[in-house]
Amino acid sequence: MLKYRNILVYIDPTQEEQPALQRAIEIAEKEKEIKITLFLSCYDLTYEMTSLSSMEERQAMQSLVIRDNKEWLETLAAPYREQGHTINCQVHWHNRPFQAAIQLILKEGYDLLIKSTHPHPRLSAILFTPTDWNLLRKCPIPLLLVKVKSWPENGNILCAVDCKSIEDPDHHNLNEAILAEANDIAEMVKSNVHVVNAYPSPPMNIMMELPEFDPIHYEDGLKKFHQKTLNDYANKYNIETQNIHLRQGLPEDAISDVAQEIKAELVILGTVGRSGIGLTLLGHTAEQVIDKLDSDLLALKPDGFISPIKLES
């Protein structure tokens, strides 16, 4: 992870513990010369109500809130600074925290955003908040969503790649970025890299409309193509044979099933941005699989991705 030298940590004031900060410190302890910035966005609608106070009074109240939050961030940073870590603090007044974070990223040039997630109280999975989803869709840099526990040595990292689109340069480059990232992290935390891909079942409509269609031959050819492509990726990135997982079915099911089977500590996948009516979408597979994961998630954007969030003038 040598390319991650400037880490932005999204602080959640509703949580007593800050897993995102702890993960950033773990990375900084394994690497050198890493700068960490703690980010917090605050907002109170009552301070914006013009009928209750003048603009000067509202600005004064906002400044007090920002100051108090900045002091709290400084207390979070203090013990780690004593250990020699470089930590800055940023507090912004904004009614959309994800937008404030992305604008800061665009302004300051951070190369990794780390944010904690919320475990669902009744489910084994993670509850992703609207802020999480907006960051996943619109954040222009790698986004690491973390749980409470640390990454253990000899744990498992799962890479989700798309073998059916290798002729598309963007998909192929994103696959390679995912695998390269997994190897970098595995080297840093002494973990094992796994790779997963899914191939589809024979289409029922063709089987019904074309009697001469041979589903067995079709399925066998499709499986061999995906297996060879997956093996080629694995060989290039030195992934052991027993860590290659090819499944038939929907990608979102294959990724979540394998992640549970190998007890993955981290899942790395690509979020393919598509523009439309001012929004950036994750892509169907990523959208479906994220809700099913019970692990840390590292989401990578393809080369050339441009966030719909712009710097305010």
- Message: For a 4.5 angstrom cut-off between non-hydrogen side-chain atoms, does S41 reach F98?
- Response: no
- Note on the structure: L106 meets the side-chain contact (heavy atoms from CB on, under 4.5 Å) criterion, sequence neighbours left out, with I102, P140, L311
- Message: Between K147 and D296, does any side-chain N to carboxylate O distance fall below 4.0 Å?
- Response: no
- Please tell me if the side chains of Q260 and D294 come closer than 4.5 Å, counting only heavy atoms from C-beta onward. no
- Under the 3.5 angstrom rule, does the side chain of N192 hit a backbone N or O of G155 as a donor-acceptor pair? yes
- Sequence-distant partners of H245, ring-ring contact (aromatic ring centres under 6.0 Å, His included), two or more places apart: H194
- Message: With a 4.5 Å cut-off on side-chain heavy atoms, are K115 and T131 touching?
- Response: yes
- Is there a side-chain contact between S295 and L266 (heavy atoms, below 4.5 Å)? no
- Sub-4.5 Å side-chain heavy-atom contact between I87 and L38: yes
- Note on the structure: Those residues at least two apart in sequence (or on a different chain) that pass salt bridge (charged side-chain N to carboxylate O under 4.0 Å, His left out) with K228 are D232
- Item | Under-4.0 Å salt bridge between K35 and E108 | no
- Look at E187 together with K30 and state whether they make a salt bridge at an N to O cut-off of under 4.0 Å. no
- Apply side chain to side chain donor-acceptor pair (under 3.5 Å) to E240 and Q242, showing your working. CA-CA 6 Å; E240 298 181 3; Q242 65 269 24; 2.6 Å; yes
